[in-house]
Amino acid sequence: MYPTALTQLARGNPFSAPLFSIHKVEEPPQTLNGQKTRRLAAAATAEDDFSCEFASSKYYALCGFGGILSCGVTHTAVVPLDLVKCRLQVDPDKYKSIGKGFSVTVKEDGVRGLAKGWAPTFIGYSMQGLCKFGFYEVFKVFYSDLLGEENTYLWRTSLYLAASASAEFFADIALAPMEAVKVRIQTKPGYANNLRQCVPKMFAEEGVWAFYKGVVPLWMRQIPYTMMKFACFERTVELLYKYAVPKPRSECSKSEQLVVTFVAGYIAGVFCAIVSHPADSVVSVLNKESGSTAVQVLKKLGPKGVWKGLVARIIMIGTLTALQWFIYDSVKVYFRLPRPPPPEMPESLKKKLGLTE
């Protein structure tokens, strides 16, 4: 008999056990070089011609490389919008709106002024991408092994949240120095024009602390952002294939799968921007002002001030997140990395729940 109480509990909590599909799936277990593959990835492939084993050192290294490309390239591409967003956060009286921010910046610094901070952006977010995506894959496998096959399926959303939070903790330590430099260049006119000028000047004034004083606000901003980014993306991909895509994922071409990846990434990005924006405002002001603390900045901004620049950030982060997932998944396709299909209920769990004869 199918347990109704368990079903109702699952329906009521998106971070708990997911909904169960009551149908038989006669599918032989997928193997890779004699080993059973894990089924926790966002995208699938119909081919078995992989360049490496799932969860091997080469697999993690190439995932990290995909993270470098996805984060470094995309964040650098939106530097003009990021610059205006940061200036809107730290000086709302002068810049007032996105359009006004662009016009004032071009008037004062010329078109080239919109590219200020591109070098620390590229370096910092490349390092962050390496740790974010590479460690996410590592922690996802690690926590899955701890939970076991059945609990991995039942608690997969919680697993996505835990793995992404763990990865982002280390990613922000790698990002913090270049983020501090970027914000100082973008929000303090006349302080420094490029990376070479800014780093020695900051070090001379505040020492090493200048580069890491924003790491706690970064954790406040980035960890919730990344948890939403990965968990929302993974579950959105599942739902899109279940309800929106008119054919099974196994029958979709790689290009069709990448379209689904892009759409799911954009949806996840909108939620990411909203969740992490208050902390982003604190980071922007904190890195502009010498000697300030996160608590002081938060009091200064107030409940309304922390939401300044939200529209710009939704546009930026939505596009950014969609492109990041698209690039990351494209790297997996290009290097022929294992891309397991969405999670399915293990046969042992189906038997326990009375879903199989």
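- Residues in residues 66-92 take part in these ring-ring contact (aromatic ring centres under 6.0 Å, His included) pairs, two or more places apart or across chains: H75-Y125.
- Applying the salt bridge (Lys or Arg N to Asp or Glu O under 4.0 Å) criterion to R313, with sequence neighbours excluded, gives D280.
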**Prompt:** Do V181 and L195 pass the side chain to side chain contact (heavy atoms under 4.5 Å, CB included) test, and can you show the C-alpha distance, the side-chain angles, and the key distance before you say yes or no?
**Reply:** CA-CA 7 Å; V181 173; L195 179 66; 3.6 Å; yes
**Prompt:** Going through the checks in order, is the side chain to side chain contact (heavy atoms under 4.5 Å, CB included) test met by E234 and T157?
**Reply:** CA-CA 8 Å; E234 299 268 21; T157 302; over 6 Å; no
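- K100 pairs by the salt bridge (Lys or Arg N to Asp or Glu O under 4.0 Å) definition with nothing, not counting sequence neighbours.
- The main-chain N or O of Q222 is never found under 3.5 Å from a side-chain atom of S276 such that the two would form a donor-acceptor pair.
- T226 and K132 form a side-chain donor-acceptor contact under 3.5 Å, judged by distance and modelled atom types alone.
- A donor-acceptor contact closer than 3.5 angstrom is absent between the side chains of Q324 and S70.
- Comment: D172 does not engage R221 in a salt bridge, judged by the lack of any side-chain N to carboxylate O separation of less than 4.0 angstrom.
- Using cut-offs of 30° and 60° on the angle between ring planes, the pair F133 and W325 is perpendicular.
- There is no side-chain donor-acceptor pair under 3.5 Å between S348 and E149.
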**Prompt:** Should L62 and V331 be marked as a side chain to side chain contact (heavy atoms under 4.5 Å, CB included) after you check the CA-CA gap, both sets of side-chain angles, and the distance that decides it?
**Reply:** CA-CA 8 Å; L62 289 174; V331 169; 5.6 Å; no
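- Sorted by first and then second residue, the pairs that involve residues 103-125 and meet salt bridge (charged side-chain N to carboxylate O under 4.0 Å, His left out), not counting sequence neighbours, are R87-D109, K94-E108.
- Note that CD of Q186 is 10.5 Å distant from CG of L114, once rounded to the nearest 0.5 Å.
- Transitive grouping of hydrophobic side chains (ILVMFWY, heavy atoms separated by less than 4.5 Å) keeps L298 and L218 in distinct clusters.
- The shortest side-chain heavy-atom distance between F230 and L161 does not fall under the 4.5 Å cut-off.
- A single hydrophobic cluster is seen to contain both L146 and Y160, as judged by linkage of ILVMFWY side chains at heavy-atom distances under 4.5 Å, directly or through other members.
- One N or O on the side chain of R336 and one on the backbone of D49 form a donor-acceptor pair closer than 3.5 Å.
- For S56 (side chain) and E53 (main-chain N/O), a donor-acceptor pair under 3.5 Å exists by modelled atom type.
- Annotation: side chain of R184 is in contact with side chain of M202 (closest heavy-atom distance under 4.5 Å).
- With hydrogens and angles left out, the side-chain atoms of Y143 and S166 include a donor and acceptor closer than 3.5 Å.
- Here the side chains of I185 and N194 are not in contact, with every heavy-atom distance at 4.5 Å or above.
- Applying the ring-ring contact (aromatic ring centres under 6.0 Å, His included) test to W118 and every residue at least two apart in sequence or in another chain returns nothing.
- Put simply, the side chain of M127 does not reach to within 4.5 Å of the side chain of I68, judged on heavy atoms.
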**Request:** For side chain to side chain contact (heavy atoms under 4.5 Å, CB included), just list the numbers for R156 and E238, CA-CA rounded to whole Å, side-chain angles, deciding distance to a tenth of an Å, and then say yes or no.
**Result:** CA-CA 12 Å; R156 62 189 183 279; E238 285 187 49; 3.0 Å; yes
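- Partners of L240 according to the side-chain contact (heavy atoms from CB on, under 4.5 Å) rule, which considers only residues two or more places apart in sequence or in another chain, are T236, A244, V260, V263, A264.
- By the 4.5 Å heavy-atom criterion applied to side chains, H277 and I314 are not counted as neighbours.
- Separating the OG atom in S330 from the CZ atom in F262 is a distance of 11.0 Å, to the nearest 0.5 Å.
- Listed by chain and residue number, nothing satisfies the side-chain hydrogen bond (donor to acceptor under 3.5 Å, both in side chains) test with T76 (two or more places apart in sequence, or in another chain).
- Put simply, V216 and L175 are part of two different groups of oily side chains (I, L, V, M, F, W, Y) that touch within less than 4.5 Å, one to the next.
- Atom-to-atom distance recorded for L349:CG and E344:CD is 12.5 Å, nearest 0.5 angstrom.
- Cluster membership for F139 and Y328, using ILVMFWY side-chain heavy atoms within less than 4.5 angstrom, is shared.
- Under the rule for a salt bridge (Lys or Arg N to Asp or Glu O under 4.0 Å), E251 has no partner lying at least two apart in sequence or in another chain.
- Environment of CZ in F142: sparse, with no more than 12 heavy atoms of neighbouring residues, nucleotides or ligands closer than 6.0 Å.
- Under the side chain to side chain donor-acceptor pair (under 3.5 Å) rule, K182 has a single partner from D82, T121, T187, which is D82.
- I267 and F271 get closest at one heavy-atom pair: O-CD1, 3.2 Å.
- Other residues sharing a hydrophobic cluster with L88 under the 4.5 Å side-chain heavy-atom criterion for ILVMFWY residues are Y95, V104.
- Using modelled atom types and a 3.5 Å distance limit, the side chains of E137 and Y59 yield a donor-acceptor pair.
- Contact annotation: the side chain of V282 never approaches that of M220 to less than 4.5 Å [non-hydrogen atoms, C-beta and beyond].
- Annotation: F65, atom CZ; neighbour count of heavy atoms from other residues, nucleotides and ligands within 6.0 Å does not exceed 12.
- Taking Y266 as the reference, nothing meets the ring-ring contact (aromatic ring centres under 6.0 Å, His included) condition, with sequence neighbours excluded.
- The stretch residues 177-217 participates, sequence neighbours left out, in no ring-ring contact (aromatic ring centres under 6.0 Å, His included) pair at all.
- You'll find the side chain of P120 stays beyond 4.5 Å of the side chain of C198, heavy atoms only.
- Atom SG of C63 is separated from atom CZ of F335 by 11.0 Å, given to the nearest 0.5 angstrom.
- A donor-acceptor contact closer than 3.5 angstrom links the side chains of E168 and Q128.
- By the rule that hydrophobic residues join a cluster once side-chain heavy atoms approach within less than 4.5 Å of another member, L323 and V270 end up as members of separate clusters.
- Screening F326, F233, Y225 for a side chain to side chain contact (heavy atoms under 4.5 Å, CB included) involving T321 leaves a single residue, Y225.
- For the salt bridge (Lys or Arg N to Asp or Glu O under 4.0 Å) test, no residue two or more places apart in sequence or in another chain qualifies with K58.
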